[in-house]
Each structure stands twice: as C-alpha cells, then as structure tokens.
Enquirer: 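There's a structure below that I have some questions on.
What you see below is based on every heavy atom in this structure, not just the backbone, and it leaves out hydrogens, waters and symmetry mates.
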Amino acid sequence: MARSRSSSSKLRYCNPSYYLKRPKRLALLFIAFVCVSLFVWDRQTLVREHEVEIQKLNQEVSQLQNLLEEIKNVDSNAVRTTINKSSKKVVLDDPVDNERREKVKEAMIHAWSSYEKYAWGQDELQPQSKNGVNSFGGLGATLIDSLDTLYIMGLDDQFQKAKEWVENSLDFDKNYEASVFETTIRVVGGLVSAYDLSGDKVFLDKARDIADRLLPAWDTPSGVPYNIINLAHGRAHNPGWTGGESILADSGTEQLEFIALSQRTGDPKYQQKVENTITKLKESFPDDGLLPIYIDPSRGTASYSTITFGAMGDSFYEYLLKVWIQGNRTSAVKHYREMWEKSMKGLLSLIRRTTPSSFAYICEKNGDSLTDKMDELACFAPGMLALGSSGYGPDDSKKFLLLAEELAWTCYNFYQSTPTKLAGENYFFHAGQDMKVGTSWNIMRPETVESLFYLWRLTGNKTYQEWGWNIFQAFEKNSRIESGYVGLKDVNSGVKDNMMQSFFLAETLKYLYLLFSPPSVIPLDEWVFNTEAHPIKIVTRNDGQNSGGTEGKQKPLIKLRGRKQGRPRDY
C-alpha cells in the first residue's frame, strides 16, 4: 500500500494541469531550474578553464623535462648552468667553454684511472714505471687531494669509491716523520673540503684524527710550530738543513684548515694553536710586512735569511689574506687584512721590470740587496693581488689589479718562452734579455693557472681563459702518457720524469676546469681555496677575539721540500 500511494503521488507531478492550478509553485520551480542551470553551466566552464590550465602546465613541465635532458646531454653536471634572472630562462654556458671543460674533465679521468690502476691507496703514481710510491708516509695523498676535484667534476662513482677507501682503509697511526705543512694543506684541507662539499661526516672525523696528531708541533716556547712530527709518537722537531729554524711558509700556512676544523667541530683548540702563531709574528711584524723564510721557534722572531714570495715564503702571505676572507671580512679577522696590506707595500718594493719587454717580476731580497730571480711558485701572487684588490679604496684597488695583470702576463710568458711551452721552476732576469730559465724542470705546478682563474673570475676577461687553454694543451702534448701524466726534467728538451704529483689532480686540473666553468660553480663569495686548491666554506666570524682563539664561541655548520719548497722529491 505504501509503495502504491507513493507512485500515485509522483505521477501527479507529471501532469501539466497540476502546475496551471498552482502558479506560485510554478514560478518558484522555474527560478530554481534557472539557478541550477546557471550553476551547472558555471561549473562546466570552470572545469574547462582548469583543464586548459592543467594542459598548459603539463606542456611546461614536459618542456622543462626535455630541457633538463638536453642539459644533461651537454654536461653531466646540472650545476654547470646559470639562470638569466631578467628573462627567467635557463642559459647554457659558452659552448667553447663547455667543450674545453669536458677536455679537462677527460684529463682528470685519465689521471685518476691511471692512479686507480697502478697506485691505488698510495701517495703518488710513478706513471712510467707503473707503480705507486708513498712519498708522504702512506696517507693516500693523491686520493685525498683528489676528493673535491672528483666531486666538483661530477665523477660520482669515483668519488664514492674513494670515500669508501677513506672510511675503511685510511690509517694515520704511522711511525712516519711527516711535514706538518704538507700534511695540513693536502690531508686536513682535502678532508675538510670533502666534508664541506658532501656533508659526509666520515671526512670530518678523519680530519680531526690527523689534526690531533699534528697539534703537538705547536708546543714550542713561542707558539711558532716545529715543521716535522712523528704521526705515531707525536715527537716534533725541525729539519736539520734549516739549522733548527722553522720555515715561514710551513709555520704560517695552517690557519685556514685548523680554523675551519674548530668551526665545524666546536672545539677551539685547533684555531687557538694556529692563531697563536700569528699573534706571535704580529708582535715584531715589520713596517714593510716582509718576513725572512726562517723563524726562531723559541723566540718567534725572524732570523737573517732570504725574503721571497717563492719557495718557503709564499703561502704565509696568501693565508693572511684568505683568513680574512674565510671569516667573511669582519672585525674579528681585521688584523689579518692589516698585516696583509703591510706585506703588499713590501711586495711593491720588490717589483722590477725587464728590458726590452717591460715584464714585471718580483725580486728576492737578502739584507739590502735584491736578486733578479722569480720562482714559478711566486706566480700565485697575481691571483692573490686580484683577490685582495677589492678590499682597497678605488685608487689602490685599480693599482693592485693592474699589477696583478702585469705579473700574470709575465708568468704566462714563463710558459711561452720555452720550446715545450711549459714553464721552468724559476727564472732569472738580465738587462736586455728579458727572462731566462734557471732551474729547468716542470713538475706540473698550478700557480700560473690559479692566477688566471682568479683574474678571469674577477675581470671577466676571456684572454685569461685562452692563456689557460694554451697551457693545458702544452701539458697534454708533453706530459700525458698512456699511464698518467708526468713532469719534465727539462722544459727545453722535453725529457720526461716519472712522477704524477698529487697537486696536479688537486690544483692544476681543478683550476683549469673552473677556468672554463660558470662563476656559479664554487663562487668566490661563498668559498675560499686553501693553498692546495681545496675549497673551504666561508663562515662569518663574530667571535670578538684577537688572533689568540675563539674560546669555543663558534659552532660547527711529507717529504720535506715538496709542493711549496722548491725542490721535487727523487724521481
């Protein structure tokens, strides 16, 4: 019954006469019908509009995905692109730069794979005899030196394999008389840089381990460190050939690495040790800012010896500037900049020019006498001057940048003046003869390329890229062999040696790669390079301390006469 009554009621609403008898109800239903129709029409319109928008978005996503694939095909490192902010479009870097960068990357792969095949885990490769040699006590110098180069070049598989070796095989408990300087710039610097780039704590832990083994070297009456230490037993001393003196570069080139270690671990002891050295040297710092290469570790005063921006002096001046940059140029590191500016006044007093070509060069000084000699090692100075020029007022900034460009031209001609187009170890200058090779070996040093990198970054002048490319081609022609890269015993004859220096991978190839990379790759306002070309992240210092240390206020985020000491090890 209920269902029959309900059906009858529904049929009633289908009869038109029902509505004719009820006009108000008809009007209300008509209005409702119109409203519903409009609502449905609006909703359909909105759906169509959304579908169009979604279609457009899908097209844009597809275009971006295709562009990303194109970028990957051009260069495996997506970071190698830059954003044109005005047009909001992704812009690939210069195709010539890209091609050259890939050539440098291929050179790194060749050098690394040769090391991996013939000398894995050892300090350096001897390519001609195809064996490894532990020239730094078996600390894996080439492997650690190469970590950040592999990372920056996007060689991920090689980086991961090297990381596994560091984690599982790297052991510092060795009865070995290590150079504090060489171990710091290569091993501590390499590990801290790998940590800053990758964020992997294994690198920081290993850096702390080796730094703890080096710290007893600073336990001297003056705080100026001894330059040799036994890694297993902690006994420190200076080499006999210095007469017991400490070397200026060896004692003043640990600040970047140890300050960074304190910042990242929260332990102030590393920074305190190395900054005590600067405090002591500052007490008797001369007006011209030039220190001899020998320092008495008992008193912390300079001994009568050569003043040079080459071997055994160079990186002391470099670190005065770079610690200021590392601290982000705050008042806490202002004294480093002040000391550096004094030293640059002294450098100006050492500048002479040749005849007939007027090549600018940096003399060496003994007492009141100048010697017309310049090491290729001193070719780091153009880059240092360019990097530091921005801290001056307009006039001095222009003056020092111009001098940097003049010195870079000289250093480039160190290469161009020889039959192999590779530079000798040092040069002498004689009236009417411009320059002449002194010591004629080439061990693939990075200093000239380093300066070309800085000058290109800071001026945008592509001439420096062309010079760097010419130098790279000379290395390819003269130093590349089937099993790696070697230096030359003589840049005139081209006779090869039997050593692939670890700094060739750490510095020379890295700076060449960056020379052809966009400035957004390791930007200079975020990173500072140590003297072994390991990029370390800039951390602003506001500790309010002088060079004596931080008191914990900052938070975390080898054979002698090697790399910087003017004489290659035995081949």
Side-chain angles (χ1 to χ4, degrees), residues 108-109 111-125 132-176 178-215 229 231-232 254 256-258 260-265 267 270 500-507 509-510 522 527 529-530 532-537 556-558 562-563:
M108 178 64 186
I109 292 171
W112 177 259
S113 60
S114 298
Y115 168 77
E116 192 174 25
K117 183 176 181 179
Y118 299 113
W120 180 251
Q122 298 185 72
D123 286 330
E124 290 176 308
L125 168 65
V133 58
N134 283 325
S135 40
F136 297 96
L139 304 182
T142 293
L143 189 147
I144 295 174
D145 248 352
S146 300
L147 287 167
D148 50 13
T149 306
L150 295 172
Y151 191 93
I152 290 166
M153 291 187 180
L155 299 172
D156 298 334
D157 292 342
Q158 294 91 329
F159 178 82
Q160 287 301 320
K161 184 176 179 180
K163 189 202 86 167
E164 289 170 8
W165 184 89
V166 169
E167 188 169 15
N168 300 320
S169 302
L170 181 57
D171 178 19
F172 298 127
D173 190 21
K174 297 180 183 296
N175 186 19
Y176 173 68
S179 164
V180 175
F181 166 74
E182 297 284 359
T183 306
T184 297
I185 66 172
R186 298 181 196 239
V187 181
V188 180
L191 291 169
V192 169
S193 182
Y195 171 72
D196 277 1
L197 288 164
S198 72
D200 198 312
K201 193 171 180 291
V202 65
F203 298 121
L204 185 62
D205 291 341
K206 291 290 185 178
R208 190 167 194 171
D209 182 1
I210 186 61
D212 286 342
R213 295 173 185 274
L214 297 176
L215 277 182
I229 193 165
L231 294 179
E254 290 88 10
L256 284 179
E257 298 83 358
F258 278 65
L261 199 54
S262 279
Q263 290 171 333
R264 285 144 186 78
T265 64
D267 190 336
Y270 308 105
M500 188 171 76
Q501 309 281 345
S502 82
F503 55 71
F504 179 66
L505 292 79
E507 302 187 72
L509 291 179
K510 183 188 294 151
I522 314 296
W527 299 86
F529 290 89
N530 85 335
E532 190 79 359
H534 295 308
I536 295 173
K537 196 74 175 174
L557 212 169
I558 315 203
R563 151 83 171 85

Enquirer: For the residue pair M500 and E124, establish whether any side-chain heavy-atom pair is separated by less than 4.5 Å.
Expert: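 Heavy-atom side-chain distance check fails, nothing below 4.5 Å.
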Enquirer: Could you measure the distance from the CD1 atom of I144 to the CD1 atom of I210? Nearest 0.5 Å is fine.
Expert: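 Going from the CD1 atom of I144 to the CD1 atom of I210 covers 8.5 Å.
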Enquirer: Determine the minimum heavy-atom distance between L147 and G190, stating which atoms define it.
Expert: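 What the structure gives for the nearest pair is CD1-O, 4.5 Å.
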Enquirer: Just wondering, do T149 and K510 contact through their side chains at under 4.5 Å, heavy atoms?
Expert: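 Yes, at least one pair of side-chain atoms sits under 4.5 Å.
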Enquirer: Taking side-chain hydrogen bond (donor to acceptor under 3.5 Å, both in side chains) as the definition, give me every residue that meets it alongside E254, ordered by chain and number, with sequence neighbours left out.
Expert: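 Residues passing side-chain hydrogen bond (donor to acceptor under 3.5 Å, both in side chains) with E254: none at all.
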Enquirer: For K117, what residues pass the side-chain contact (heavy atoms from CB on, under 4.5 Å) criterion, not counting sequence neighbours?
Expert: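 With neighbours one apart ignored, the set is empty.
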Enquirer: Determine whether L197 and L150 make a side-chain contact, defined as any pair of heavy atoms from C-beta on separated by less than 4.5 Å.
Expert: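 No, side chains not in contact.
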Enquirer: Do the non-hydrogen side-chain atoms of L261 and L204 ever get within less than 4.5 Å of each other?
Expert: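 Result yes, sub-4.5 Å side-chain heavy-atom pair found.
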Enquirer: As an exercise, state the distance from CD of Q501 to OG of S135, rounded to the nearest 0.5 Å.
Expert: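 Atom-to-atom, Q501:CD and S135:OG are 7.5 Å apart.
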Enquirer: Taking side-chain contact (heavy atoms from CB on, under 4.5 Å) as the test, write out the residues that go with S198, two or more places apart.
Expert: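 If we apply the side-chain contact (heavy atoms from CB on, under 4.5 Å) test to S198, skipping adjacent residues, the hits are Y151, F159, D200, F203.
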Enquirer: Do you know which two heavy atoms are closest between T183 and A178, and how far apart they sit?
Expert: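 The pair with the smallest heavy-atom distance is OG1-CB, 3.7 Å.
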Enquirer: Donor-acceptor check, side chain of N530 to backbone of A533, threshold 3.5 angstrom: yes or no?
Expert: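 Indeed, once roles are kept as given, a pair shorter than 3.5 Å links the two residues.
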Enquirer: Do you know the tightest heavy-atom contact between M108 and L505?
Expert: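 The answer is CE-CD2, 3.8 Å.
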Enquirer: side-chain contact (heavy atoms from CB on, under 4.5 Å) with E167: which residues, sequence neighbours excluded?
Expert: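 Testing E167 for side-chain contact (heavy atoms from CB on, under 4.5 Å), a comparison that skips the adjacent residues, returns K163, V202.
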Enquirer: Which is it for Y176 and N134 under the side chain to side chain contact (heavy atoms under 4.5 Å, CB included) test, yes or no, and what are the steps along the way?
Expert: CA-CA 11 Å; Y176 173 68; N134 283 325; over 6 Å; no
Enquirer: Mind checking side-chain hydrogen bond (donor to acceptor under 3.5 Å, both in side chains) for T142 and listing every partner two or more places apart, or none if nothing turns up?
Expert: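 Checked T142 against side-chain hydrogen bond (donor to acceptor under 3.5 Å, both in side chains); zero matches.
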Enquirer: Which atom pair, heavy atoms only, marks the closest approach of A506 to D145?
Expert: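 A506 and D145 have their closest heavy atoms at CB-O, 3.3 Å.
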Enquirer: Is the shortest side-chain heavy-atom distance between L214 and L231 below 4.5 Å?
Expert: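 Touching, per the 4.5 Å side-chain cut-off.
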Enquirer: How far apart are the closest heavy atoms of S193 and P535, and which atoms are they?
Expert: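 Between these two residues, the closest heavy atoms are OG-O, 2.7 Å.
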Enquirer: Would a 4.5 Å heavy-atom cut-off, applied to side chains only, mark E257 and I185 as touching?
Expert: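 E257 reaches I185 side chain to side chain.
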Enquirer: With sequence neighbours excluded, tell me which residues meet side-chain hydrogen bond (donor to acceptor under 3.5 Å, both in side chains) with N175.
Expert: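 side-chain hydrogen bond (donor to acceptor under 3.5 Å, both in side chains) check on N175 returns N230.
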Enquirer: Between H534 and D196, is any pair of side-chain heavy atoms under 4.5 Å apart?
Expert: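 Sidechains of D196 and H534: no contact.
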Enquirer: Can you sort out the partners of E116 under side-chain contact (heavy atoms from CB on, under 4.5 Å), two or more places apart, ordered by chain and number?
Expert: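 So E116 forms a side-chain contact (heavy atoms from CB on, under 4.5 Å) with W112, W120, K161.
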Enquirer: Show the nearest heavy-atom pair for residues R264 and I536, with the distance to one decimal.
Expert: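 Looks like NH2-CG2, 3.9 Å.
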Enquirer: Applying side-chain hydrogen bond (donor to acceptor under 3.5 Å, both in side chains), which residue pairs with at least one partner in residues 201-215 are found, sequence neighbours left out?
Expert: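 For residues 201-215, and leaving out neighbouring residues, the side-chain hydrogen bond (donor to acceptor under 3.5 Å, both in side chains) pairs sorted by first residue read K201-D205, R208-D267, R208-Y270, D209-R213, D212-K269, D212-Y270.
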Enquirer: What residues form a side-chain hydrogen bond (donor to acceptor under 3.5 Å, both in side chains) with D123, not counting sequence neighbours?
Expert: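 None.
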